[in-house]
Amino acid sequence: MPGTEHPVPPESGAHGVGRRRFLGYVLAAPTLMAAAELVPASEARADIPSPEITELVDLNDVMTAAALPTSGLITVEVDQDGTVSFALPRTEVGQGITTSTAMLIAEELGVPLERVHVTLADARPELLFNQLTGGSNTTFSTYTPIRVAAAVARGRLLGAAAAEWGISVTELTLRAGVVTGPGGRSVGIGALSGRAASVRTEQVAVDLKPHDEFTVVGRPHGRIDALAAVTGRKKFTMDLDVPDALPTMVCRPPTINGKVGSVSNQAEVRAMPGVTDVVVMSTGVAVRAATFGRCIDAVRALKVSWRAGSAAGKSDESVLRQLQAAELPLGLPPLTPSVEGRFTFHFRSNSALEPNCAIADVRPDRAEVWSSLKAPIVAKEAIAAKLGLPLGAVTVHVTEGGGSFGRKLFFDAALEAVEISRKIGKPVKLMWHRADDSRQGRVHPMATSRVRIAHLGDTVLGYRQRHTSVSTDLGHGLGEIFTALAAKLPVGDIGFSETFFQLSQSMPYDFGANSRLLSETDKSFNTGSMRNVYSPDVTCARELLVDRLAARMDKDPYRLRHDFLRDERYRAVLAKVAEAGNWGRSMPAGTAQGIAFHSEYHSVSAVLVEIDCRPGTVDRPIRDGVTGPRVTKAVMAVDVGLAVNPRGLEAQMMGCLMDGIALTLTSSLHLRDGHFLEASWDNYFYTRQWNTPPELDVIVMPATTGRPGGAGELGVAASMAAVACAYGRATGTMPTVFPINHGTLSFEPKPTVPPVPASPTDGLDHVR
């Protein structure tokens, strides 16, 4: 839901935005409804120091521009009970966007935060590109339109009160949801809602509140859904009570994307206690039963012969050979000194904490689906096509999700639920097992990255990076069916991926002539856009080479970065993290600091970590776990322009740090003979308590640009790179394979047949 400002210079100086005139609409409705106007982008940026592409336009800008034409279709409604309603066309998956959205409305409209009710909009194809959650784009693109719509509503409420009392609007104030006038007269906005409404749609002009009058935006706020979350009252997909939608699970193949050959005991399984239906489908054999426990029993009992999958016979080693064969050349060796490195990044799981799930009720003439979807328009269009139904006969409800960061851009659970419901003629509540998520779900592609930096004296002459990856499925496109189809075409896919790559990667250093190219190969895996997509791998490789360059040039790693950063804003963030983290302090042998920098989507981040690689730490006993080094301290500094909710931003950055630690040290999937060995979170080693730093500080820099930049993924790349650099300095050997513990298999792989492991019964045995 984008919006742009008229090219009127700010009144409050370079670091703030003063009053500016915007256009909006009052919509014809019984109660007050307001929306932003469509205004073409016309603000020019005059501070571009060089033709670095992401400083001219990046992926976030493209997504915002694509959403611009439908910004006026999203409305703020003032209800007669004095509350304000807003259906957000994005998906809340734990990142806190319902809270930040409510803050924007509360700020501009002048109502208490607790009286703003933000829900998630159903799939609305008329929004086109305006209902995709990704690329750290939500707050970036919705910031101005939401404020404009709220300001339109505020102006109408004040106008209605002024007309009723026969006075000027300038004599009125609106605070805490109450309009107050001379003589102590007051009226709540609920009582004014009907009078402020319009019988026809009207265009109006509004001024937005200047930043120096903000009382909500920019102040730390707890999440508006926190109480519901911690008390179990928050509703996720599996919590919904859809009539007759019984638990459903799928018996899946032992190899990636295998297909059913035959089922020898389908009737016997159907006769098991609690089982209502057993049906062969495109991705396996579906079982519907009275409880999920009965589903698991039935899935484990099925005897299925399977046809080989798309990755049959492949292993980590064979995929790595494919990647190396597909690498683009770095070019002729430079005539000047250079540093060079090749880095390998193994497959990683893109599973969320909430299992992949969906509810579907398919009838002959209609279908209704409930799921946490980040591309709900594509889902609705794909479901309608799959069922042969008109688009209007399919309703897709977007539910809140328990995590995602890329996984929920794909709607495979919804498609499966629809297929099963149609085949058996009954509603289903489909949930993937944890083993399904690890072995058949979306994964971050295995990749290699080659980097070369040429230098002479104190000058860096050039930077080249060639990133080679198993194909990343970007089949969600920009959130609607046309770009989704284009991203799947034989030629369109690499064009889409290369465009995505170039518009999401930046070069923050003055490293002379620089180039980054992407090569992709092998479409046999179920891949997806893990949080930060290409950036963690690309930035980690770059920052490790920057450390090597510093050593070659006999410079301090922090000082070299600081001196070569392209922008004063960048240098301020790096300097802040170095100061707060006491960069350069004396540390024992086997421990070290690492520092790294990353910029994206008009935001910047720097991370300093300290790591302990001493034998006593690396070899400490952890039950069934990968131990290895421990990050003992982390300091992060971020500049996102304007932080709408600093507390929410801090939480995001903490999550980014945990992602970075996992990606560097422990978190990967092991591919053998066409399947992944991991079968749940107990043997997929995301950051655990023993690798979480006891000291952690997140510094949110003061507002610099007057509007929000992208923040949801901002800290992952710098965190991964800082941990990698610290490890290299502590051990004296630059790491080149990630995670560094990938070669350690600390668990006994669970069998793939049956595909669902037996439920654990030893919980009490592990109590300490």
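Keep in mind that this is a model prediction, so the values were computed, not measured.
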For Val285 and Val279, what are the C-alpha separation, side-chain angles and deciding distance, and is it a side-chain contact (heavy atoms from CB on, under 4.5 Å)?
-> CA-CA 6 Å; Val285 183; Val279 61; over 6 Å; no
Does the pair Asp436/Arg434 count as a salt bridge with the N-to-O cut at 4.0 Å?
-> no
Do the non-hydrogen side-chain atoms of Val242 and Lys429 ever get within less than 4.5 Å of each other?
-> no
Between atom CD of Glu498 and atom NE2 of His467, what is the distance when rounded to the nearest 0.5 Å?
-> 11.0 Å
Test item: Ser504 and Val533 side chains (from C-beta on) under 4.5 Å apart, heavy atoms | no
Is Arg270 salt-bridged to Asp277, cutoff N-O under 4.0 Å?
-> no
Salt bridge present between Asp473 and Arg442 (N-O < 4.0 angstrom) = yes
From CG (Asp673) to OG (Ser315), nearest 0.5 Å | 8.5 Å
For Thr70 and Asn130, indicate whether the former's side chain and the latter's backbone hold a donor-acceptor pair under 3.5 Å.
-> no
side-chain hydrogen bond (donor to acceptor under 3.5 Å, both in side chains) assessment of Thr472 paired with Glu520 = CA-CA 8 Å; Thr472 303; Glu520 293 198 327; 3.3 Å; yes
Leu669 and Leu677, any side-chain heavy atoms less than 4.5 Å apart | no
Looking only at heavy atoms, what is the nearest atom pair of Gly261 and Arg307, with distance?
-> CA-NH1, 3.8 Å
Would you say the side chain of Phe685 lies within less than 4.5 Å of the side chain of Ser668, judging by non-hydrogen atoms?
-> no
Over all heavy atoms of both residues, which pair between Leu391 and Lys380 is shortest? Give the atoms and the distance, please.
-> O-CE, 3.2 Å
Would you name the heavy atoms of Pro247 and Cys295 that are closest together and state the gap between them?
-> O-SG, 3.3 Å
May I ask you to say whether Asp225 pairs ionically with Arg223, meaning some side-chain N is under 4.0 Å from a carboxylate O?
-> yes
Is the shortest side-chain N to carboxylate O distance from Glu400 to Lys234 below 4.0 Å?
-> yes
Of all pairs that satisfy salt bridge (Lys or Arg N to Asp or Glu O under 4.0 Å), the ones with a partner from residues 525-538, not counting sequence neighbours | Arg348-Asp537, Arg531-Asp659
Measure from the ring center of Phe410 to the ring center of His476 and say whether it is less than 6.0 Å.
-> yes
Take Phe292 and Met249 through the side-chain contact (heavy atoms from CB on, under 4.5 Å) test and state the conclusion after the steps.
-> CA-CA 8 Å; Phe292 281 111; Met249 297 183 78; 3.8 Å; yes
Would you say the ring centroid of Phe347 lies under 6.0 angstrom from that of Phe525?
-> yes
Donor-acceptor pair between Glu713 and Ser136 side chains, under 3.5 angstrom = yes
For residues 350-358, please give each side-chain donor-acceptor pair under 3.5 Å, one per line with the distance, not counting sequence neighbours.
from   : atom 1 : to     : atom 2 : distance (Å)
Ser351 : OG     : Ser349 : OG     : 3.0
Ser351 : OG     : Asp437 : O      : 3.3
Glu354 : OE1    : Gly402 : N      : 2.8
Glu354 : OE1    : Lys408 : NZ     : 3.3
Asn356 : ND2    : Asp412 : OD1    : 2.9

So, for Val287 and Val299, which heavy atoms are closest and what is the spacing to 0.1 Å?
-> CG2-CG2, 4.3 Å
Only one of Leu88, Ile377, Val378 forms a side chain to side chain contact (heavy atoms under 4.5 Å, CB included) with Gln131, so which one is it?
-> Ile377
Would you name the heavy atoms of Arg300 and Pro754 that are closest together and state the gap between them?
-> NH1-CG, 3.5 Å
Just wondering, do Thr448 and Phe343 contact through their side chains at under 4.5 Å, heavy atoms?
-> no
Which residues satisfy the ring pair (Phe, Tyr, Trp, His ring centres under 6.0 Å) test with His346, sequence neighbours excluded?
-> His742
Nearest-0.5 Å distance that lies between atom CG in Leu302 and atom CD in Gln266 | 8.0 Å
Backbone of Asn257 reached by a side-chain donor or acceptor of Ser310 within 3.5 Å = no
For Tyr684 and Ser667, what are the C-alpha separation, side-chain angles and deciding distance, and is it a side-chain hydrogen bond (donor to acceptor under 3.5 Å, both in side chains)?
-> CA-CA 6 Å; Tyr684 180 75; Ser667 197; 2.8 Å; yes
Does Arg439 make a cation-pi contact with Trp432, if we ask for NZ or CZ under 6.0 Å from the ring centre and within 45° of the axis?
-> no
Would you say the side-chain atoms of Glu416 pair up with the backbone N or O of Leu430, donor to acceptor, closer than 3.5 Å?
-> no
Could you tell me which non-hydrogen atom of Thr399 sits nearest to which non-hydrogen atom of Thr91, and how far apart they are?
-> O-CG2, 4.0 Å
Is the backbone of Val418 close enough, under 3.5 Å, to the side chain of Ser421 for a donor and an acceptor to pair up by distance?
-> no
Could Lys750 and Asp682 be called an ion pair, given the rule that one side-chain N must be under 4.0 Å from one carboxylate O?
-> yes
May I ask you to decide if Ser262's main-chain N or O and Ser305's side chain share a donor-acceptor pair within less than 3.5 Å?
-> yes
Euclidean distance, Glu368 CD relative to Ile359 CD1, rounded to 0.5 Å = 10.0 Å
Apply side-chain hydrogen bond (donor to acceptor under 3.5 Å, both in side chains) to the pair Ser438 and Glu678, showing each step before the final yes or no.
-> CA-CA 6 Å; Ser438 295; Glu678 283 71 13; over 6 Å; no
State whether the side chain of Asn691 and the backbone N or O of Arg688 hold a donor-acceptor pair below 3.5 Å, judged by distance alone.
-> no
Just by distance, do the side chain of Thr344 and the backbone of Val737 share a donor-acceptor pair under 3.5 Å?
-> no
Side chains of Asp122 and Thr395 in contact at under 4.5 Å (non-hydrogen atoms) | yes
Check ion pair Lys314-Asp522 (N to O, under 4.0 angstrom) | yes
When you check the gap from the basic side-chain N to the acidic O, do Arg288 and Asp244 get nearer than 4.0 Å?
-> yes
Is it possible for you to check whether Arg252 lies under 6.0 Å from the centre of the six-membered ring of Trp306, through NZ or CZ, and within 45° of that ring's axis?
-> no
Find the distance between OG1 (Thr627) and CG (Asn741) and round it off to the nearest 0.5 Å.
-> 7.0 Å
Are the side chain of Thr664 and the backbone N or O of Met720 linked by a donor-acceptor pair below 3.5 Å?
-> yes
State, with a plain yes or no, whether a side-chain heavy atom of Thr527 is found less than 4.5 Å away from one of Val470.
-> yes
Counting N and O atoms only, with roles assigned by atom type, does the side chain of Lys374 sit under 3.5 Å from a partner on the main chain of Arg407, one being a donor and the other an acceptor?
-> no
Check whether any side-chain heavy atom of Val716 lies under 4.5 Å from a side-chain heavy atom of Ser535, and answer yes or no.
-> no
Okay, side chain of Lys259, backbone of Ala308: is any donor-acceptor separation there less than 3.5 Å?
-> no
To the nearest 0.5 Å, tell me how far Cys540 SG sits from Leu663 CG.
-> 9.0 Å
Worked verdict on Val250 versus Ile420 for side-chain contact (heavy atoms from CB on, under 4.5 Å) = CA-CA 10 Å; Val250 176; Ile420 299 166; 4.1 Å; yes
